[in-house]
Student: 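Dumping the structure here so I can ask a few things about it.
Residue numbering restarts at 1 for every chain, and letters A, B, ... go by the order of the sequence lines.
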There are 2 protein chains.
Amino acid sequence: MKARSQRPEEQHLTEQLGATGLRLTPQRQQVYDVLLQKRDHPTAEEVFMRAKKAMPEISHATVYNCLDALVKSGLARQVTVERGATRFCPNMTDHGHFHCRACGTIYDVGLPRELPFVSLPPGFAPECHEVTIHGLCGECARQK
Amino acid sequence: MKARSQRPEEQHLTEQLGATGLRLTPQRQQVYDVLLQKRDHPTAEEVFMRAKKAMPEISHATVYNCLDALVKSGLARQVTVERGATRFCPNMTDHGHFHCRACGTIYDVGLPRELPFVSLPPGFAPECHEVTIHGLCGECARQK
DNA sequence: CTAGGTGCAAAAGGTTTGCGGTTAA
DNA sequence: TTAACCGCAAACCTTTTGCACCTAG
């Protein structure tokens, strides 16, 4: 096929995926775009529906595959704050999540710099962490 | 029916549930016992199967109901570390979880005293938090 | 008497799998 | 050419729901 010049973000995607032995495909690009466009921590199903608008033939299996590929390559995080569906988040900075139990919204919250706040048994190799606060967001707390 | 004297733990259960407007039933007691007997963070399905041994007629719906009742009353926590099944934990002390991505085991890990380590937007009302570290446990890290 | 709780069975929702076909390296 | 990836559809697993019955308060 003919050589194609890449936009900078595409290049970043290609590199990150490549470093994990994965290819950049139109579907992976599309799924990543969906995550970037509306950073509301969509479920896999929501990602599927949004991606389907731009790419009607995309399938469930492919969306899961793409999401997993992005997670493996360090381009997105899996967020598990509740029973049922898993959510995804392209914000790779060190942050936690506030989950409102009334409206279900998930907010990114900052974390302090010093994160080795836990002492693990010797030999354990931590790779990443997830911090979730459950409660009521400002709006829901007021209405209660 | 005839008045029944309660063991201390039963009394505690009754009180905690009662404070949330819930009753102590044999099924809730059984589910709670299951959680206490083997603190390996079982999934709802695992709780169901273990409870079924002692109480063969117990149903799925009831196990979910009981687990939710225990969580609402502050007797157990829901633990969501991975895609798929939700897990449960009767350890109500402030602690986090280490999740080994190789063997799947979940270890309780201590957290430092100072936990309001996150600054939330004004008006937000936090109720509880969940800290999960993902990585490889000692054994799996060695084998790799 | 009534609200809360249970068991059953079915439905709903989320995720994975198997397979034939396609495409990039 | 070959390994990686895709779409489709079915399978699988987890969780919820509706309903009839029961029981504690």
Student: For residues His41(B) and Asp108(B), determine if any side-chain heavy atom of one lies less than 4.5 Å from a side-chain heavy atom of the other.
Tutor: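 Heavy-atom side-chain distance check passes, below 4.5 Å.
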Student: Please lay out, stage by stage, how Glu45(A) and His60(A) fare under the test side-chain hydrogen bond (donor to acceptor under 3.5 Å, both in side chains).
Tutor: CA-CA 8 Å; Glu45(A) 179 65 24; His60(A) 257 121; 2.7 Å; yes
Student: So if I take every side-chain heavy atom of Arg28(B) and compare against dG7(D), dC5(D), dT6(C), which nucleotide ends up nearest?
Tutor: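 For the Arg28(B) side chain, the nearest candidate turns out to be dT6(C).
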Student: Between dG7(C), dT16(D), dT6(C), which nucleotide has the shortest distance from any of its atoms to the side chain of Arg83(A)?
Tutor: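 For Arg83(A), the side-chain atoms sit closest to dT16(D).
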Student: Could you tell me whether the side chain of Gln16(A) and the main chain of Ser73(A) form a donor-acceptor pair under 3.5 Å?
Tutor: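 At least one qualifying donor-acceptor pair exists.
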Student: Which is more 5' along DNA chain C, the nucleotide nearest Ala44(A) or the one nearest Glu57(B)? Just name the residue.
Tutor: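 Mapping each residue to its closest nucleotide by heavy atoms, the 5'-most match is Glu57(B).
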Student: Does Gln29(B) use its side chain to pair, donor to acceptor, with the backbone of Leu24(B) at less than 3.5 Å?
Tutor: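 Answer holds: no.
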Student: The side chain of Gln27(A) lies closest to which of these nucleotides: dC8(C), dG14(C), dC6(D)?
Tutor: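 When the side chain of Gln27(A) is considered, dC6(D) is the closest of dC8(C), dG14(C), dC6(D).
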Student: May I ask you to decide if Thr80(A)'s main-chain N or O and Thr80(B)'s side chain share a donor-acceptor pair within less than 3.5 Å?
Tutor: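 Between the backbone of Thr80(A) and the side chain of Thr80(B) there is a qualifying donor-acceptor contact (under 3.5 Å).
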Student: Indicate, with a heavy-atom threshold strictly under 4.0 Å, whether Thr43(B) touches base, sugar-phosphate, or nothing.
Tutor: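 Thr43(B): no heavy atom of the nucleic acid under 4.0 Å.
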Student: For DNA chain C, determine which residues of residues 61-70 of chain A have any heavy atom closer than 4.0 angstrom to one of its atoms, and list them numerically.
Tutor: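 The stretch gives Ala61(A), Tyr64(A) as the residues lying under 4.0 Å from the strand, ordered by number.
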Student: Looking at dA24(C), dA3(C), dT16(C), which one has an atom nearest to any side-chain atom of Arg23(A)?
Tutor: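 Among dA24(C), dA3(C), dT16(C), the one nearest the side chain of Arg23(A) is dA24(C).
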Student: I'd like to know whether the aromatic ring centres of Phe48(A) and Tyr64(A) sit less than 6.0 Å apart in this structure.
Tutor: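 Centroid distance Phe48(A)-Tyr64(A): not below 6.0 Å, so no.
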Student: Taking the nucleotide of DNA chain D with the nearest heavy atom to each, does His60(A) or Gly84(A) sit closer to the 5' end?
Tutor: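 Its nearest nucleotide lies further toward 5', so the answer is His60(A).
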